[in-house]
Amino acid sequence: MTLHNPRKRFGQHFLTDSDTISRIVDVIASSSEDIVVEIGPGQGALTEPLLDRVSCIHAIEIDRNLATVLEQRFRHLDKLRVHCADALKIDFSELAKKQRVRVVSNLPYNISTPLIFHLASFHDNIIDMHLMLQREVAQRLTATTGNKNYGRLSVIAGCCFKIEKLFDVLPESFTPPPKVVSSFAYFKPKPILAEGELKELDKIVRLAFANRRKTVANALSALFNLSTLKYLGIDPCLHVDNIKPEQFLDMLEYCNKRRR
């Protein structure tokens, strides 16, 4: 198969190492009943082995040329449905219909963070996710309070998913090789947030980490006074990066009750 010329605008790094591909497919542990959404399938390195194991794959590919290649390569298989579209604009509830899906992706690194936020808003439609990420992003996603990598992404991800970093993948596993080490990670949605609450939570978290060097009392003074923070069991003197995801959820719940 002739390798497609990678396009920088789409952040394309094609997974080509057969051992890594086999390891990923084994870790996903798909079954014949699974409906998979694969984001950024490229030339089908993961698509092909997964097609042998699952009921259906919705492949979302923004590159029109690659979408055409996939359609032609697997045109004999009804179980592959190629969507030439931007994954950031996909309504996953519409894609899933009444069935929940499993998401798989060798994510373009330039959209990984906004895409994880987008996927988080469809937690009711997703069974789990297996994502290839830049290792630095994986470290931020899994960081805990007090860690230098702990921030907005850590909090939102911690509220929306149970996340486990599975293994690292070296640059030479891709063509062209990225300049960074990658990490393959597992995400299990937490059905905590109701529809529309993610945006409200993000407003609180954004405000907090825009002032991360301040105490929580000063950083969030526009939303909460000292007595409210104490009522919520949050020490007003703590710095923002010591506030746990569940404490941000408590703040969100308080805001919701105040609005009602």
Side-chain angles (χ1 to χ4, degrees), residues 1-7 9-112 115-116 118-119 121-133 166 169 173-175 182 184-189:
M1 180 176 61
T2 303
L3 187 65
H4 170 83
N5 187 31
R7 302 174 72 177
R9 62 179 289 212
F10 295 138
Q12 292 174 341
H13 296 277
F14 301 116
L15 187 62
T16 52
D17 180 69
S18 58
D19 289 341
T20 302
I21 292 168
S22 296
R23 187 177 184 186
I24 288 172
V25 172
D26 288 343
V27 163
I28 293 171
S30 53
S31 76
S32 59
E33 297 179 355
D34 286 341
I35 297 175
V36 170
V37 174
E38 185 181 5
I39 300 171
Q43 295 189 120
L46 291 174
T47 315
E48 183 174 23
L50 285 173
L51 278 168
D52 292 334
R53 304 186 181 204
V54 303
S55 169
C56 173
I57 295 180
H58 291 276
I60 302 172
E61 177 54 64
I62 195 171
D63 188 321
R64 188 172 300 278
N65 292 337
L66 280 174
T68 300
V69 168
L70 283 172
E71 287 177 333
Q72 292 177 347
R73 182 180 173 191
F74 299 108
R75 60 183 179 274
H76 59 292
L77 295 175
D78 293 335
K79 61 168 67 177
L80 177 66
R81 298 163 193 175
V82 179
H83 306 264
C84 186
D86 183 348
L88 288 169
K89 298 177 180 178
I90 289 283
D91 183 339
F92 285 86
S93 62
E94 179 64 25
L95 195 66
K97 301 295 184 183
K98 294 182 180 180
Q99 294 176 291
R100 297 168 72 217
V101 301
R102 303 186 71 193
V103 176
V104 176
S105 183
N106 172 22
L107 281 182
Y109 295 153
N110 57 345
I111 67 163
S112 60
L115 187 55
I116 288 169
H118 183 59
L119 289 166
S121 64
F122 296 100
H123 59 80
D124 286 342
N125 308 109
I126 296 173
I127 296 172
D128 60 13
M129 309 192 305
H130 287 84
L131 307 180
M132 185 79 74
L133 306 159
L166 300 176
V169 182
S173 297
F174 302 87
T175 302
S182 304
F184 195 62
Y186 176 73
F187 295 69
K188 183 72 174 178

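These numbers were taken from a predicted model, which means no experiment stands behind them. Computation of the quantities below employed the complete heavy-atom set of this structure, encompassing side-chain atoms and omitting hydrogens, waters and symmetry-equivalent molecules.
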Nearest atoms (heavy-atom pairs only) where [X] meets [Y]:
X   : Y   : value
I57 : T47 : CD1-O, 3.8 Å
I60 : P41 : O-CD, 3.2 Å
F92 : A87 : CE1-O, 3.8 Å

With rounding to the nearest 0.5 Å, note down the distance linking [atom1] in [X] to [atom2] in [Y].
X    : Y    : atom1 : atom2 : result
S22  : D17  : OG    : CG    : 8.5 Å
I126 : S93  : CD1   : OG    : 10.0 Å
E61  : I39  : CD    : CD1   : 11.0 Å
F74  : L80  : CZ    : CG    : 7.0 Å
C84  : L70  : SG    : CG    : 10.0 Å
I116 : F187 : CD1   : CZ    : 4.5 Å

Going by heavy atoms in the side chains, are [X] and [Y] under 4.5 Å from each other?
X    : Y    : answer
N125 : V101 : no
V25  : L46  : yes
V169 : F174 : yes
M132 : I24  : yes

Salt bridge (Lys or Arg N to Asp or Glu O under 4.0 Å) pairs, two or more places apart, involving residues 27-49: D34-R102, E48-R73
Salt bridge (Lys or Arg N to Asp or Glu O under 4.0 Å) contacts in which one or both residues fall within residues 74-96, not counting sequence neighbours: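 Listed by first then second residue: E94-K97.
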Polar side-chain atom of S121 near backbone of H118 as donor-acceptor pair, under 3.5 Å: yes
Q43 side chain vs L66 backbone, donor-acceptor pair below 3.5 Å: no
Whether H130 and F184 hold their rings parallel, tilted or perpendicular, with breakpoints at 30° and 60°: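 Parallel, since the angle between the ring planes stays under 30°.
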